Protein chains: 2
Amino acid sequence: MAGIDDVARAAGVSTATVSRALSGRGPVSAAARDRVLAAADRLGYVVSAAASSLASGRTRAVGVVVPFLDRWFFSTVLAGISDALVRQGYDITLYSVSTDATGRRRVFDDHLRRRRIDAVITIALELDAEESASLRGLGVPIVAIAGPNPLLTTLTVDDLAVGRLATTHLLELGHRRLAHIGADAVRDAGATVPGLRRRGFEEALAEAGIERALFEPADFTIEGGSDAADRALSSPAAPTAIFAASDEMAIGAILAARGRGLRVPEDVSVIGVDGHELGRWFGLTTVDQFARGQGERAADAVLAELDGAEPARGRGTLPFELVDRGSTAPPSR
Amino acid sequence: MAGIDDVARAAGVSTATVSRALSGRGPVSAAARDRVLAAADRLGYVVSAAASSLASGRTRAVGVVVPFLDRWFFSTVLAGISDALVRQGYDITLYSVSTDATGRRRVFDDHLRRRRIDAVITIALELDAEESASLRGLGVPIVAIAGPNPLLTTLTVDDLAVGRLATTHLLELGHRRLAHIGADAVRDAGATVPGLRRRGFEEALAEAGIERALFEPADFTIEGGSDAADRALSSPAAPTAIFAASDEMAIGAILAARGRGLRVPEDVSVIGVDGHELGRWFGLTTVDQFARGQGERAADAVLAELDGAEPARGRGTLPFELVDRGSTAPPSR
DNA sequence: CTGTTAGCGCATTCAG
DNA sequence: CTGAATGCGCTAACAG
């Protein structure tokens with residue numbers, strides 16, 4: 001495999017000039033650059049990541065840390081990140097952190113600390129103080145998508161507002177007996193994404209003077225949503241409307257309702273959050289949060305910081321939007 | 001950040017011994033190893049990927065090349081790969097190749113050639129001769145999942161048999177007017193995954209003495225499957241059974257059938273391929289191919305090769321299994 | 001079993 | 001604008 005000195009020889013310049021010409025850093029005459037580029041192309045020369053990184057301190061790679069790979073939201077955000085990063089010649093190094101504590105520590109204490117990446121993007125990760133500190137200790141730009149984290153630069157949807165928007169939509173249709181599927185009151189007590197959506201729900205209800213509502217925790221899967229909706233719908237004071245904190249749970253709720261012989265939205269309204277592509281097929285009304293765009297925004301943000309821009313301190317705000325596809329309507333009871 | 005010489009000093013040994021103790025390569029006395037491990041732990045030392053890789057030629061990373069990130073099959077296989085690789089301390093570098101020719105070339109000609117990875121796994125990638133050659137030129141183990149490729153070590157389901165299995169299932173139920181949704185006759189003329197499933201369909205029909213069948217190309221999405229099924233079901237000789245080459249298309253077919261007021265399976269049977277988690281909710285009969293397991297198998301295969309095992313020449317075979325969830329039944333017409 | 005030595009391939013000084 | 005020299009941090013011989 002051709003090395004930088006092969007290129008230097010072929011172009012009749014020194015390795016230093018080859019390096020400058022190929023990286024675009026430092027002055028090179030147009031003539032020299034042309035000869036270098038031609039020689040590099042002819043020889044099929046590609047810079048060695050290890051050597052370049054050892055000498056320069058830069059890696060041209062961004063680490064992306066996710067809790068799940070096989071759920072729609074995460075893979076969609078990841079696709080957005082990938083698009084934006086590849087365009088700029090960056091590689092992606094993927095770190096999937098399970099809930100398993102040991103494996104999780106290994107990612108933060110070992111893998112991420114190998115100096116293999118120039119920046120980190122986290123997706124919907126709930127980090128404890130130690131993990132946040134560990135990330136900061138890397139000394140690279142960090143952008144956290146989804147999940148307000150006081151210790152990091154975040155790029156996040158205002159999930160409190162999302163919860164209020166969805167709930168207000170139901171209230172304006174005239175619903176008074178509502179249920180919320182999502183946050184676990186204990187686990188998500190803090191400012192987690194599920195916790196904020198739940199609080200948005202509660203606040204909107206309080207403002208409307210409604211004191212009672214049903215809460216059913218679920219795990220953000222279709223199955224979890226279905227089970228939770230089943231519990232809610234079998235309660236004595238069954239709700240006329242359900243706000244699920246994700247589209248997958250909302251779809252589960254629709255399926256559960258159908259399974260009980262209830263029509264959506266005539267007998268029960270359902271609204272979700274996400275903008276899952278599947279929602280279209282269920283006529284699901286949702287608060288779209290443009291997952292793919294979130295990934296692109298995050299990638300652009302880290303790239304800007306790598307280009308020397310100031311870190312966007314505090315939190316950047318991501319758009320969201322109510323999309324009415326018909327699964328919500330005025331209550332019939 | 002602590003370097004290897006800090007650890008060496010703290011442990012009272014040379015850097016060579018630190019390297020040997022930490023990597024497990026080369027002899028080290030138990031006493032020395034213990035002191036090194038303790039010192040490394042205390043100092044929070046983690047080896048620099050670039051320096052280690054430059055000196056050793058190993059990177060402890062595997063490249064994974066995918067055509068899509070945001071489709072169920074790919075993200076599920078990726079999750080399986082990630083699990084298996086992380087357990088062994090390997091990082092994943094992700095390369096998403098679009099259909100865009102320029103971007104695609106960049107991945108093969110630049111990104112993959114930076115010597116950032118010890119091995120490559122490709123998922124359902126249709127490679128032309130040049131791309132295959134480019135991969136082989138990397139000089140690292142390569143495992144291709146899905147997509148028989150005469151030029152590479154592959155790990156693949158026997159998609160011809162999958163096509164025959166699904167089709168035979170329909171024939172045994174008594175269907176005679178069948179439709180297939182999937183391969184494009186021109187694009188997938190070769191030994192592609194869609195092409196093989198289609199040929200399995202054709203062969204099974206031929207053996208049953210059936211000469212005519214409907215073919216509707218589609219793009220492996222729910223929407224594509226729905227449109228294709230719509231076309232098939234509106235043809236003069238509408239089929240009584242549909243074999244879709246993926247579960248997402250099969251779900252689209254079920255939705256299209258429902259949209260036309262047809263019952264599944266009473267009016268039309270539908271069978272898919274994949275084992276998509278969503279299938280359960282549609283009662284979809286399918287040929288499960290255990291996507292997550294495929295990823296794990298592929299990861300294990302490259303790890304074995306990296307451990308010095310002989311490359312499993314030719315093709316490894318992956319399991320598949322008919323799962324009857326009720327969307328197929330004898331024809332009523 | 002251990003330490004010494006010599007690079008791995010490139011980016012960056014610093015002179016020129 | 002260019003080239004020569006230095007070292008990034010670690011691993012792999014080799015000799016002891």
Side-chain angles (χ1 to χ4, degrees), chain A residues 1-37 39-40 43-61 89 110 113-118 138-140 306, chain B residues 1-37 39-40 43-61 89 110 113-118 138-140 306:
Chain A
M1 273 201 176
I4 196 173
D5 27 338
D6 298 317
V7 179
R9 212 171 304 124
V13 297
S14 71
T15 61
T17 297
V18 174
S19 175
R20 284 189 286 250
L22 259 27
S23 70
R25 302 177 155 254
V28 189
S29 70
R33 177 173 32 253
D34 289 349
R35 292 212 310 284
V36 168
L37 293 180
L43 298 174
Y45 171 75
V46 175
V47 58
S48 149
S52 170
S53 149
L54 187 56
S56 72
R58 282 170 265 110
T59 65
R60 277 190 102 59
D110 289 354
R113 299 188 57 215
R114 292 177 182 167
R115 290 201 209 64
R116 188 166 279 189
I117 50 186
D118 291 336
L138 295 177
V140 302
L306 288 173
Chain B
M1 273 199 177
I4 196 173
D5 28 339
D6 297 317
V7 179
R9 212 171 303 125
V13 296
S14 71
T15 60
T17 297
V18 174
S19 175
R20 284 188 287 249
L22 258 29
S23 69
R25 304 179 155 253
V28 188
S29 70
R33 176 171 36 250
D34 289 349
R35 291 212 309 284
V36 169
L37 293 180
L43 298 175
Y45 171 74
V46 175
V47 59
S48 149
S52 170
S53 148
L54 187 57
S56 72
R58 281 171 268 109
T59 65
R60 275 191 104 59
D110 289 354
R113 299 189 57 217
R114 291 177 183 166
R115 287 199 205 61
R116 198 178 282 248
I117 50 185
D118 291 336
L138 296 176
V140 302
L306 289 174

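The model shown is predicted, which means the values in this text are computed figures rather than measured ones. Reminder, nothing fancy here: chain letters follow the sequence lines and each chain counts from 1.
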DNA chain C: 5'-most and 3'-most nucleotides touching chain B, 4.0 angstrom heavy-atom criterion: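 Contacts span dC1(C) to dG9(C), reading 5' to 3'.
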Round to the nearest Å and state the distance from [X] atom [atom1] to [N] atom [atom2].
X	N	atom1	atom2	value
R25(B)	dC10(D)	CZ	P	17 Å
R9(A)	dG3(D)	CZ	P	14 Å
R58(B)	dT11(D)	CZ	C1'	8 Å
I4(B)	dT11(D)	CD1	C1'	8 Å
L54(A)	dT11(D)	CG	P	11 Å

Side-chain donor or acceptor of D6(A) paired with backbone N/O of G3(A) under 3.5 Å: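 Here the side-chain-to-backbone pair exists.
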Can you tell me if R35(A) uses its side chain to pair, donor with acceptor, with the backbone of V13(A) under 3.5 Å?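 No, because the side chain of R35(A) does not come within donor-acceptor range (under 3.5 Å) of the backbone of V13(A).
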Point-to-point distance, once rounded to the nearest 0.5 Å, from [atom1] of [X] to [atom2] of [Y]:
X	Y	atom1	atom2	answer
R113(B)	L138(B)	CZ	CG	7.5 Å
S52(B)	R114(A)	OG	CZ	9.0 Å
S53(B)	I117(B)	OG	CD1	11.5 Å
S48(B)	L54(B)	OG	CG	9.5 Å
T15(B)	R9(B)	OG1	CZ	10.5 Å

Applying a 4.0 Å non-hydrogen cut-off, can you work out what [X] is touching in the nucleic acid: base, sugar-phosphate, or nothing?
X	result
V18(A)	nothing
R33(A)	nothing
A50(B)	nothing
R115(A)	nothing

Return the 5'-most residue of the pair A51(B), S23(A) with respect to DNA chain C, ranking by each residue's nearest nucleotide.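 Looking at DNA chain C, the more 5' nearest nucleotide goes with A51(B).
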Identify the heavy atoms of S14(A) and A8(A) that sit nearest to each other, and give their distance.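 Minimum heavy-atom separation between S14(A) and A8(A): C-CB, 3.7 Å.
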Compare the minimum distances between each of [options] and the side chain of [X], then state the nucleotide with the smallest one.
X	options	value
S56(B)	dA12(D), dG3(D), dG9(D)	dA12(D)
V47(B)	dA12(D), dT2(D), dT11(D)	dT11(D)
Y45(B)	dC10(D), dT11(D), dA12(D)	dC10(D)
R20(B)	dA13(D), dA12(D), dG7(D)	dA13(D)

Looking at S48(B), does any N or O in its side chain come under 4.0 Å of the phosphate oxygens OP1/OP2 on dG9(D)?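 The answer is no; no side-chain N or O of S48(B) sits under 4.0 Å from OP1 or OP2.
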Closer than 4.0 Å, any side-chain N/O of S52(B) to the OP1 or OP2 of dG9(D)?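 Looking at the OP1 and OP2 atoms of dG9(D), neither is under 4.0 Å from any side-chain N or O of S52(B).
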Side chains of T59(B) and R116(B), heavy atoms from C-beta outward: is any pair under 4.5 Å?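 Sidechains of R116(B) and T59(B): no contact.
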Using a 4.5 Å cut-off on heavy atoms from C-beta on, say whether the side chain of V47(B) contacts that of I4(B).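 A side-chain contact under 4.5 Å is absent here.
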Degree of bending in the helix from dC1(C)-dG16(D) to dG16(C)-dC1(D) once both end axes are built from five pairs, to 10°: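 Taking the rotation axis at each end, their angle is 30°.
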